[in-house]
4 protein chains.
Amino acid sequence: VKSADQYLQSIRDGRHVYLRGSRIRDVTVGEAFGPAVRRVARGYERYFRDEPEAWHPMYEVPSSPDMLRERLHLVEDNDVTTATSAAVLTLVTACSRSEVIEDRYGDQIRAYMDWVRREDLRVAELITDAKGDRSLPPSKQDDPDLYVRVVDRTESGIVVRGAKFHVSAAPVVHEFVTMPTKRMKVGEEEYATAFAVPANADGVRIIGSAQSPTEEDARHFPASANLAMPEAMIVFDDVFVPYERVFLDGEVAESALFAHSLGLWERLSGLVDIAHRADVLVGLAQLVAEANGVAGITHIKEKIADIIIYSTMIRAGIEASINAAEELPGGICTPSELYTNALKYYAAANYHIVLRNVQDVAGGSVVTAPTIGDLEHSEIGDYVAKYLRTSDDIDARYRLSLFHLIRDLTADAHGGKYMVGYLVGGGGLMAQQLVTRKHFDMERAKRAAILEGELAARSNS
Amino acid sequence: VKSADQYLQSIRDGRHVYLRGSRIRDVTVGEAFGPAVRRVARGYERYFRDEPEAWHPMYEVPSSPDMLRERLHLVEDNDVTTATSAAVLTLVTACSRSEVIEDRYGDQIRAYMDWVRREDLRVAELITDAKGDRSLPPSKQDDPDLYVRVVDRTESGIVVRGAKFHVSAAPVVHEFVTMPTKRMKVGEEEYATAFAVPANADGVRIIGSAQSPTEEDARHFPASANLAMPEAMIVFDDVFVPYERVFLDGEVAESALFAHSLGLWERLSGLVDIAHRADVLVGLAQLVAEANGVAGITHIKEKIADIIIYSTMIRAGIEASINAAEELPGGICTPSELYTNALKYYAAANYHIVLRNVQDVAGGSVVTAPTIGDLEHSEIGDYVAKYLRTSDDIDARYRLSLFHLIRDLTADAHGGKYMVGYLVGGGGLMAQQLVTRKHFDMERAKRAAILEGELAARSNS
Amino acid sequence: VKSADQYLQSIRDGRHVYLRGSRIRDVTVGEAFGPAVRRVARGYERYFRDEPEAWHPMYEVPSSPDMLRERLHLVEDNDVTTATSAAVLTLVTACSRSEVIEDRYGDQIRAYMDWVRREDLRVAELITDAKGDRSLPPSKQDDPDLYVRVVDRTESGIVVRGAKFHVSAAPVVHEFVTMPTKRMKVGEEEYATAFAVPANADGVRIIGSAQSPTEEDARHFPASANLAMPEAMIVFDDVFVPYERVFLDGEVAESALFAHSLGLWERLSGLVDIAHRADVLVGLAQLVAEANGVAGITHIKEKIADIIIYSTMIRAGIEASINAAEELPGGICTPSELYTNALKYYAAANYHIVLRNVQDVAGGSVVTAPTIGDLEHSEIGDYVAKYLRTSDDIDARYRLSLFHLIRDLTADAHGGKYMVGYLVGGGGLMAQQLVTRKHFDMERAKRAAILEGELAARSNS
Amino acid sequence: VKSADQYLQSIRDGRHVYLRGSRIRDVTVGEAFGPAVRRVARGYERYFRDEPEAWHPMYEVPSSPDMLRERLHLVEDNDVTTATSAAVLTLVTACSRSEVIEDRYGDQIRAYMDWVRREDLRVAELITDAKGDRSLPPSKQDDPDLYVRVVDRTESGIVVRGAKFHVSAAPVVHEFVTMPTKRMKVGEEEYATAFAVPANADGVRIIGSAQSPTEEDARHFPASANLAMPEAMIVFDDVFVPYERVFLDGEVAESALFAHSLGLWERLSGLVDIAHRADVLVGLAQLVAEANGVAGITHIKEKIADIIIYSTMIRAGIEASINAAEELPGGICTPSELYTNALKYYAAANYHIVLRNVQDVAGGSVVTAPTIGDLEHSEIGDYVAKYLRTSDDIDARYRLSLFHLIRDLTADAHGGKYMVGYLVGGGGLMAQQLVTRKHFDMERAKRAAILEGELAARSNS
């Protein structure tokens with residue numbers, strides 16, 4: 001496995017990365033991607049062992065509910081582990097769910113996974129296409145490239161063109177695992193393509209976006225200054241992919257399989273992330289209530305209890321999802337589609353209300369508090385210290401840090417990214433409803449309904 | 001174990017039961033308690049075995065999550081099984097949670113349980129007192145009997161006076177297990193009393209309420225005509241209780257223990273009941289949408305999906321609650337307080353919206369549909385058949401039965417009882433919040449919050 | 001104008017009314033329609049003046065916001081006034097909104113209105129058809145009568161067949177004003193028919209449904225025993241309608257006009273009714289909280305405040321709707337479509353939560369309280385008096401009446417009817433959204449959005 | 001009245017302003033307060049007339065509902081107009097509501113208002129104190145300065161110390177009108193102080209916070225780059241206030257009057273602002289749906305309809321509030337406390353869900369879209385143009401601007417500030433409930449409830 005330094009070295013590989021109108025020649029330098037790079041590096045550090053056969057536990061394929069459960073602790077600590085894990089498991093799940101995929105691509109998928117694991121690489125998932133006019137299918141767009149497609153092929157591989165949006169962590173990972181965003185139809189074979197390419201492949205462009213702080217003094221961004229993870233739009237400008245990295249090539253009937261598999265793994269890890277965030281928000285609400293001297297007031301306690309219930313329901317749903325995990329042929333154990341999707345809906349639909357509760361508990365200082373710079377300023381520092389203080393136990397620096405953290409997580413760019421991400425990640429509210437409905441046992445429910453009536457019928461006859 | 005006939009015989013025991021201003025001398029006769037009696041009798045039938053050592057599985061004390069899970073199927077089929085099960089497990093849980101109870105009352109509690117099991121009795125739980133002016137404690141009420149209390153004692157037992165409210169199934173069970181509604185304070189020893197008495201004990205009066213249909217033709221009450229379970233207010237007019245049936249006698253410090261234990265078991269079985277009801281409502285919404293020809297309309301599908309998600313979240317929460325079950329000294333395994341209470345809040349807070357969704361899907365015929373009597377009437381039957389019909393597949397009788405069932409379950413007396421019961425059973429919304437908060441690991445949440453800040457601090461130092 | 005007695009006499013007119021499988025030969029006898037008949041009679045009493053030129057103010061056509069506002073107080077007191085008023089104003093509105101209607105039917109509409117006013121008649125509105133399979137249009141149903149249609153015509157009139165559902169107050173009014181439920185298409189001319197017929201016309205059958213109490217002692221139904229208003233399904237079995245009572249006859253392009261006009265008036269009066277109900281529920285919640293001794297508890301006060309806010313928002317919406325009333329050609333002043341429909345959505349979407357709040361405040365006695373009959377019973381009356389009492393100020397009879405009233409209004413048949421009626425009356429939630437969207441000034445909103453961007457553009461150029 | 005240039009000149013007055021750890025010597029220079037200064041200047045420009053007797057209409061005291069209604073258009077365009085207007089009207093309202101204030105301070109209040117109007121000044125309202133430990137009253141804090149208080153007095157005036165938080169627009173206005181945050185008690189006379197001081201008075205420090213963009217290229221902040229208004233914490237370090245600028249001086253019984261009056265005016269103008277914002281969000285949701293090609297999809301239309309209903313209910317509430325305006329002695333007409341407060345609760349409680357709807361409609365590009373800088377970049381501009389484009393009608397620049405604007409308003413610092421501000425401005429949710437309850441006619445509601453029961457009683461006797 002790699003050390004943190006080896007990781008840093010490995011992503012100085014000539015990749016073409018852009019942010020806010022500028023080329024970023026080395027993503028490990030500066031604060032644009034600094035929080036992300038440091039965060040990924042910490043992940044390497046944690047698992048580094050200088051042994052040839054060592055590997056990061058996230059590459060392990062879970063074959064039981066218990067293995068699934070353990071895995072959640074991994075993904076709790078790192079968005080990139082999450083993305084890599086989801087990408088790898090998606091490929092395995094696709095093999096397990098389809099004989100066609102297994103027969104035609106199973107071997108190279110396993111070879112790819114072995115290589116990624118051995119090299120200890122980090123992987124991004126590329127799924128959402130540019131889509132142009134969404135009321136039209138890929139083949140009816142006025143520009144045929146609005147969905148990623150095969151534009152040419154040689155004896156040794158395919159040439160792809162198009163763009164993928166919302167690619168988490170892209171600027172700081174090694175590999176891009178790419179798949180169709182939805183089921184393609186007969187006649188859309190060129191769009192039924194899945195493959196992997198390195199981030200620095202010829203023709204790949206990484207156009208990033210980031211919520212890392214842009215202010216000189218980042219201390220009033222306590223979370224994002226160290227945790228902000230960029231997103232990116234990835235452009236494939238006629239990128240060559242050798243056949244050993246192609247995992248779907250024209251099989252339209254199988255083209256939704258990757259997206260569905262990825263959706264499941266993405267929603268699960270999204271939920272683990274939300275569960276963690278919910279705990280942080282419970283803790284912050286309680287801490288700020290105590291710091292303000294309002295922790296004993298009934299309506300404050302109710303609002304905190306609401307967040308507690310949200311957090312608890314999410315953990316309950318994850319637990320149920322794992323408990324009802326399904327073992328697929330090939331041995332991979334996947335979380336329950338039903339519980340995962342219903343829970344994702346619940347979590348996404350209610351997150352904004354959680355933010356409202358936190359903000360109502362914390363009050364207006366969330367958005368009006370001075371900075372640590374103000375606290376340290378020779379002319380006004382004493383005023384800030386005097387008036388932001390609660391008591392001898394609770395000084396201004398501590399209270400400021402609470403307000404800053406709440407703002408950073410709920411009412412600023414970083415929090416805004418998560419607010420949107422939790423909502424639309426793995427599809428918006430409608431998508432969660434659709435998938436839940438698909439996996440719900442409607443026949444059982446109908447029978448239960450009819451049984452209530454039949455009993456009555458019987459008793460009256 | 002008893003046969004259904006033996007059960008019917010056993011409750012013709014001279015008990016004093018009243019309903020809507022009249023004494024009901026034999027609860028097994030007539031329709032006032034008819035649905036309840038038949039329902040309980042069906043439960044006896046199902047488990048009847050003519051063997052001396054046989055016993056109903058509900059008396060088994062669960063010692064593992066799997067035993068707990070199995071048990072849920074029992075309680076799914078019968079409110080009385082639920083009540084009996086909760087009463088019995090509450091006594092065991094109280095022993096396991098308190099050495100005082102175990103030491104002083106453990107033996108007679110076990111003797112009582114053995115007897116109940118051997119005799120195959122059904123038990124009601126008596127918890128809520130009359131309470132009078134709720135802003136005052138028991139000992140400050142102008143009438144000291146507004147909470148059940150010991151008014152006298154002899155060498156062989158105590159004499160109790162007071163009343164208990166909201167006692168489910170009371171008119172049709174054998175035994176009343178009674179406990180304090182809340183923690184009593186020093187000086188309120190007479191109120192710290194728990195005991196069991198038979199339903200026909202001297203001085204016991206059972207003042208029932210029921211949602212069984214009162215109309216001549218009960219066919220437009222497809223659920224309540226066969227499933228309605230009465231509630232009752234129980235009066236103790238100086239009832240004698242022998243010491244071997246006394247389970248708490250003045251220990252104010254332990255007085256809340258029974259209520260807390262009962263709360264847990266009651267909420268769990270309440271949730272199992274709501275889960276079943278939610279499935280019935282999903283099924284009904286889908287069936288009526290199909291019968292009306294609107295099952296393909298987007299907003300109808302969304303409303304049904306909302307109920308599906310509700311149902312699924314409740315099953316997830318139950319699953320999590322059992323999975324995280326705690327094994328107590330003495331071997332009983334109790335569901336997670338945290339998950340059970342958070343889930344009870346979720347279920348209670350959202351049930352009214354579930355009803356709204358069902359009603360919005362079904363439309364106004366829920367409350368305006370003709371009766372089966374109209375359908376069979378010589379002058380108008382043909383009109384009802386003609387105009388309530390959808391197509392050759394869906395005739396008027398079927399559609400009427402759907403509308404009647406939905407009304408019975410969501411917009412009439414029986415549904416109204418459950419609407420209120422799910423909300424306030426085991427305490428109202430506030431009580432669920434309180435107990436959830438108490439069992440949530442707030443220290444973990446605070447640490448998680450602080451960690452987000454520390455990371456930042458570290459990276460800036 | 002009629003006296004109450006004249007009214008009673010006038011509806012003993014040989015009409016064919018059925019309820020729960022029986023013919024009701026005289027609707028003024030017995031309790032099936034008793035509450036409704038008494039309620040309507042009280043309305044006659046209130047406005048009776050023995051003068052030839054007198055008329056009930058509800059027949060006045062409002063020509064200003066102030067007249068509209070006054071009118072609301074009328075409709076507050078009586079469902080039948082509401083229905084009559086809506087029927088009459090719908091005809092006038094239709095004339096004002098369409099030159100075709102005005103030209104072809106204006107005179108007979110006014111003649112009909114004059115007659116109704118002179119005779120002081122009460123009118124029901126017939127709108128919703130049987131509809132059969134709702135995924136098919138009228139002309140594609142396998143039975144062509146599933147929407148009301150003209151099946152024959154003579155020199156002097158038309159012959160109609162079909163059925164109308166959800167007709168409020170039908171058994172106790174004089175006239176049925178009938179109109180198409182939606183816009184008909186070319187080829188569906190036979191379904192584009194609007195007309196008026198008396199309740200006792202040949203071939204008319206009134207198949208009622210009612211939530212009036214069926215128990216012997218109606219005292220635990222304090223609201224429905226005196227206020228319950230029936231609904232009915234009306235069958236037209238080849239009913240002859242003379243041309244002077246025909247208000248639309250084949251003009252498909254105008255066929256939705258009546259339904260849209262009626263929708264507006266119906267929603268407005270529905271809202272006035274909900275506003276009244278909301279006040280009653282605020283009052284009940286407060287009274288029961290006081291009676292239970294919990295009025296000072298924070299979470300109780302919050303729940304009551306929630307209902308207060310609901311009530312206040314509804315009154316605000318009505319006020320805005322009248323203030324922004326539109327004056328149509330012909331002089332009728334109609335409430336704002338935009339405000340009325342948005343408010344109807346708000347009121348319908350949140351009513352179930354209002355019920356939840358009331359029930360959570362009141363507690364389980366809402367569904368388990370003894371009856372007045374129990375209180376008066378020689379054996380148990382003293383127990384009920386003792387244990388349902390709060391203090392010297394608040395005795396059992398009063399508390400019972402509060403619990404009964406809350407159950408009657410929120411958790412029993414009468415309350416169930418209103419719960420469904422408020423939700424789907426004037427169309428379900430989706431319909432309110434649709435109409436609101438149609439009347440919202442989207443162009444203004446788009447301009448407001450663009451302006452935010454333009455400002456920025458300007459400042460950067 | 002002043003010209004825009006005169007305004008700019010007037011605030012270069014030596015005031016002590018700080019932001020993010022630095023002193024800002026001239027607030028008219030640079031982008032920290034640039035958007036605010038330009039915005040205020042545009043307001044001056046709009047109303048500038050070079051006539052001696054001219055004055056800005058916001059200083060007019062409204063004496064009728066129509067004047068109130070007109071006024072709303074003023075406050076729609078400018079936060080500073082809003083603040084100034086609220087501050088001025090609060091002083092007048094306080095005089096009208098209290099004879100004590102009128103008698104002792106009426107003359108100097110009017111003199112102050114005349115001067116402000118003549119000089120065309122902009123005014124901030126200072127209300128929220130530092131508060132320290134909120135579980136303690138002002139006089140029990142360990143630092144007595146945690147609420148603003150009089151620490152000394154001379155013959156000609158008072159000397160005040162303390163700090164006020166959340167002062168909108170403070171860095172760019174002329175005057176600070178200061179008042180107690182709540183009712184003070186006997187013994188807290190030093191805290192019962194209201195007064196006005198200029199922003200550049202000796203001992204005044206303005207510690208600002210701002211959501212204006214800090215990035216080099218502000219074009220992806222289309223709203224905040226031109227509209228962001230700063231907040232500030234104001235410190236009074238022994239500031240002298242001459243008696244002619246003191247409006248309350250020890251009258252504890254009157255001390256809450258200013259806060260209550262301000263609350264009313266602040267909530268009203270807050271609501272006008274939210275109404276405008278709601279329209280912008282409806283427009284943006286519709287525009288982005290159209291730009292993405294999803295405007296015809298049912299669930300998208302529903303989500304937009306939800307925002308429409310929110311926007312419409314807010315306008316309805318404002319309309320009702322003005323319609324029911326109360327005329328006070330002295331001639332000022334104030335909006336209805338009942339409607340204003342109920343509406344503020346509705347608006348605040350539901351705003352987060354509005355954001356959720358907008359974000360769900362718009363999708364993930366809200367937080368991942370490239371910048372205009374990316375679009376103009378020589379290496380990647382063509383890619384951005386190609387892949388962010390929808391069709392020939394909808395190019396990348398337009399779509400980017402929509403995504404940026406939505407992010408700026410809903411998921412970034414500027415939007416975050418409003419999310420918190422709408423929620424807690426004028427007090428959090430609890431405060432709105434309290435004030436609504438206080439102004440609701442509970443006796444009317446109780447009577448309505450009792451009447452339902454009496455009718456029944458009558459009919460049964």
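FYI, side chains are in, hydrogens and waters are out, and symmetry mates aren't considered; it's all heavy atoms of this structure.
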Asker: Out of curiosity, C:R389 CZ to B:D142 CG, how far, rounded to the nearest 0.5 Å?
Answerer: 4.0 Å
Asker: Report which part of B:V384 has an atom under 4.5 Å of a heavy atom belonging to chain C: side chain, backbone, both, or neither.
Answerer: both
Asker: Does any backbone or side-chain atom of C:T371 lie under 4.5 Å from a heavy atom of chain B? Answer side chain, backbone, both or neither.
Answerer: side chain
Asker: Hey, could you give me the OG1/CG distance between B:T181 and B:L126, rounded to the nearest 0.5 Å?
Answerer: 10.5 Å
Asker: Please confirm whether B:R407 makes a cation-pi placement over B:F221, using NZ or CZ under 6.0 Å from the six-membered ring centre and within 45° of the ring normal.
Answerer: yes
Asker: Out of B:E231, B:R399, B:E376, B:H299, which one racks up the most heavy-atom pairs below 4.5 Å with chain C?
Answerer: B:H299
Asker: Give me the atom names and distance for the closest heavy-atom approach of C:L405 to C:A223.
Answerer: CD1-CB, 3.8 Å
Asker: For C:Q211, which atoms come within 4.5 Å of any heavy atom of chain B: side chain, backbone, both, or neither?
Answerer: side chain
Asker: Specify which of B:A232, B:G21, B:G416 makes the most heavy-atom pairs with chain C at under 4.5 Å.
Answerer: B:G21
Asker: Taking every heavy-atom pair that is under 4.5 Å apart, which of B:E216, B:Q141, B:M430, B:Q433 has the most such pairs with chain C?
Answerer: B:M430
Asker: Does the side-chain contact (heavy atoms from CB on, under 4.5 Å) test come out yes or no for B:E125 and B:E266, once each step is laid out?
Answerer: CA-CA 10 Å; B:E125 325 138 4; B:E266 230 183 20; 2.8 Å; yes
Asker: Below 4.5 Å, heavy-atom pairs only: which of B:V294, B:V235, B:L375 has the largest tally toward chain C?
Answerer: B:V235
Asker: Go through the atoms of B:D408 and report whether side chain, backbone, both or neither lie under 4.5 Å from a heavy atom of chain C.
Answerer: neither
Asker: For the interface with chain B, which of C:T128, C:V361, C:D237 has the highest count of heavy-atom pairs at distances below 4.5 Å?
Answerer: C:D237
Asker: Rounded to the nearest 0.5 Å, how far does CG of B:N350 lie from CG of B:L423?
Answerer: 11.0 Å
Asker: B:L429 versus chain C, heavy atoms under 4.5 Å apart: side chain, backbone, both or neither?
Answerer: both
Asker: For the candidates C:G428, C:P213, C:G364, which exhibits the highest count of non-hydrogen atom pairs separated by less than 4.5 Å from chain B?
Answerer: C:G364
Asker: Are B:Y387 and B:Y383 close enough that their ring centres sit under 6.0 Å apart?
Answerer: no
Asker: Select, from C:R20, C:K417, C:M419, C:R205, the one with the greatest count of heavy-atom pairs under 4.5 Å involving chain B.
Answerer: C:R20
Asker: Which atoms of B:V424 come close to chain C, meaning under 4.5 Å heavy atom to heavy atom: side chain ones, backbone ones, both, or neither?
Answerer: side chain
Asker: Given that the side chain runs from C-beta out, which part of B:L19 has a heavy atom under 4.5 Å from chain C: side chain, backbone, both or neither?
Answerer: backbone
Asker: Check each of B:Y422, B:Y418, B:Y345 against B:Y351 using the ring-ring contact (aromatic ring centres under 6.0 Å, His included) test, and report the only one that passes.
Answerer: B:Y422
Asker: Just by distance, with hydrogens left out, do C:H166 and B:T368 show a side-chain donor and acceptor under 3.5 Å apart?
Answerer: yes
Asker: Pick one of side chain, backbone, both or neither for B:A369, based on which atoms fall under 4.5 Å of a heavy atom in chain C.
Answerer: backbone
Asker: In this structure, is the centre-to-centre distance between the rings of C:H404 and C:H220 below 6.0 Å?
Answerer: yes
Asker: Which heavy atom in C:G132 sits nearest to a heavy atom in B:T390, and how many Å separate them?
Answerer: O-CG2, 3.7 Å
Asker: Determine whether a donor-acceptor pair (N or O, by modelled atom type, separation under 3.5 Å) exists between the side chain of C:E31 and the backbone of C:S212.
Answerer: no
Asker: C:E379: what forms a side chain to side chain contact (heavy atoms under 4.5 Å, CB included) with it, not counting sequence neighbours?
Answerer: B:Y18, B:R23, C:H377
Asker: What part of C:D129 gets within 4.5 angstrom of chain B, counting heavy atoms only: side chain, backbone, both, or neither?
Answerer: neither
Asker: Select, from B:A210, B:A349, B:A362, the one with the greatest count of heavy-atom pairs under 4.5 Å involving chain C.
Answerer: B:A349
Asker: So which of C:D143, C:D392, C:V167, C:D374 has the biggest tally of heavy-atom pairs under 4.5 Å with chain B?
Answerer: C:D374
Asker: Looking at chain C, which one of B:S365, B:P230, B:G296 has the largest number of heavy-atom pairs inside 4.5 Å, strictly under?
Answerer: B:S365
Asker: Which residue out of C:L388, C:T410, C:I300, C:N292 racks up the most heavy-atom pairs below 4.5 Å with chain B?
Answerer: C:N292
Asker: So which of C:S135, C:G293, C:S22 has the biggest tally of heavy-atom pairs under 4.5 Å with chain B?
Answerer: C:G293
Asker: Side chain, backbone, both or neither: which part of B:K303 has a non-hydrogen atom closer than 4.5 Å to chain C?
Answerer: side chain
